[in-house]
Amino acid sequence: MKQALNALKKEAERTLKKITVQSELFELETALLGRKGKLTEILKGLKDTPKQSRKAMGVFANRIKEDVLRVFENKKQELDEKQWASLAQDEWNDLSEPALPVKARGHLHPRTIVGEELEAVFKSLGFMVLEGPELESDFYNFEALNFPSNHPARESMDTFFIKNQPGWLLRTHTSPLQVRAVQKYGAPIRAIVPGRVFRNEATDASHEHTFYQLEGIMIDKGISIANLIAVMKELLQGVFKRTVEVRLRPGHFPFVEPGFELDMKCLLCGGAGCSACKHKGWLEVLPCGMMHPRVLEFGGVDPREYSGFAFGLGWDRLVMMRYNIEDIRHLNSGDMKFLTQF
Ligand code: FA5
């Protein structure tokens, strides 16, 4: 048995010297050390060895096995190094070679530019920036915002429901985050939620089926409409870098009380009327109001202790005003003639 083990070791050393590729190494390893290989075959003879020398023979066999494994390991390493060296040679880069001229440089979408400015304004006011799911439950999109299932206000948001998935829809606004955020972070809280929303709209110059909103909430002890107006002014000043004429009208949303519509004078026509403002001279950009006590309760906050305001900015419409874009549909068009102007 000793002889057989020594012969196996010699065979391994001899054959390994000739091997130049990984596949041959693998074949030899299977033939000598595999489950049905030569070593297993030799070790079967251990049971026929006389009892008094069996233990010593076992120790010897183990030593040979370790020696053989070591020569295999060394060969593996040698082949790996050779392979890496040849790869590095194939991928040789001449670092002194002049770079190709840049033909077209990418840039940010106008919506992203305005979004970053909005985030900067709100971060400076201590707001955190949150995200929420686009596939939303009926509960967060409507129910928790005080729209019971038979409430006519649901009709104001033509909803894409999910086929064969009752209770699920594409969110029609970013307001579901009002309750989600309060449930997660409690009060006091200041947060904005920029995001994409969906409505089954007949599109025109100021309406898209897939558009962007930016929700905001501020909840603390003693928050009032005065805080709401101050933050809205800061927001518009931050984006337009000049005084913008605004008007506040009463507005109805089941999740705010009182609710307002903040309109800005159309910057495209200066209030005279054009297609972007539907010839009204004013553009509805910022519905807002004081958070309804029931919404605070849904979020787990006591309305007797805390109050707050919320707003839902029409982000795309703000982009239109900022860059004098006459049709909202340009924003999602992917049209390079339009996009390369920014
Ligand atoms: C809402 O979506 C409420 N969630 C806003 C809100 C939040 C009110 C918090 C009070 C407190 P509304 O449906 O009006 O409200 O939409 C908000 C804004 O999104 C509008 O003022 C408008 O600027 C923009 N908007 C609405 N529909 C479209 C559309 N189809 N295409 C582009 N912008 C739209």
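For the numbers below, each heavy atom of this structure counts, side chains included, while hydrogens, waters and symmetry mates do not. Values in this document were obtained by computation on a predicted structure and should not be read as measured data. Order of listing sets the numbers, starting from 1, for every ligand and every atom in it.
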Carboxylate-amine/guanidinium contact [X] [Y], below 4.0 Å:
X      : Y      : answer
Lys82  : Glu78  : yes
Asp263 : Lys280 : no
Asp327 : Arg329 : yes

Problem set entry | Where at least one partner belongs to residues 116-131, residue pairs that pass side chain to side chain donor-acceptor pair (under 3.5 Å), sequence neighbours excluded | Glu117-Arg322
Exercise. Does the Arg154 side chain pair with the main chain of Pro148, one donor and one acceptor, at a distance under 3.5 Å?
Worked result: yes
For this session: Anything with a heavy atom under 4.0 Å from ligand 1 counts, so go ahead and list those protein residues by chain and number.
Result: Met157, His173, Ser175, Gln178, Arg199, Glu201, Ser206, His207, Glu208, Phe211, Gln213, Glu215, Phe253, Phe255, Val256, Glu284, Val285, Pro287, Cys288, Ala310, Phe311, Gly312, Gly314, Arg317, Ile328
Problem set entry | Phe127 and Phe311 aromatic centres sub-6.0 Å | no
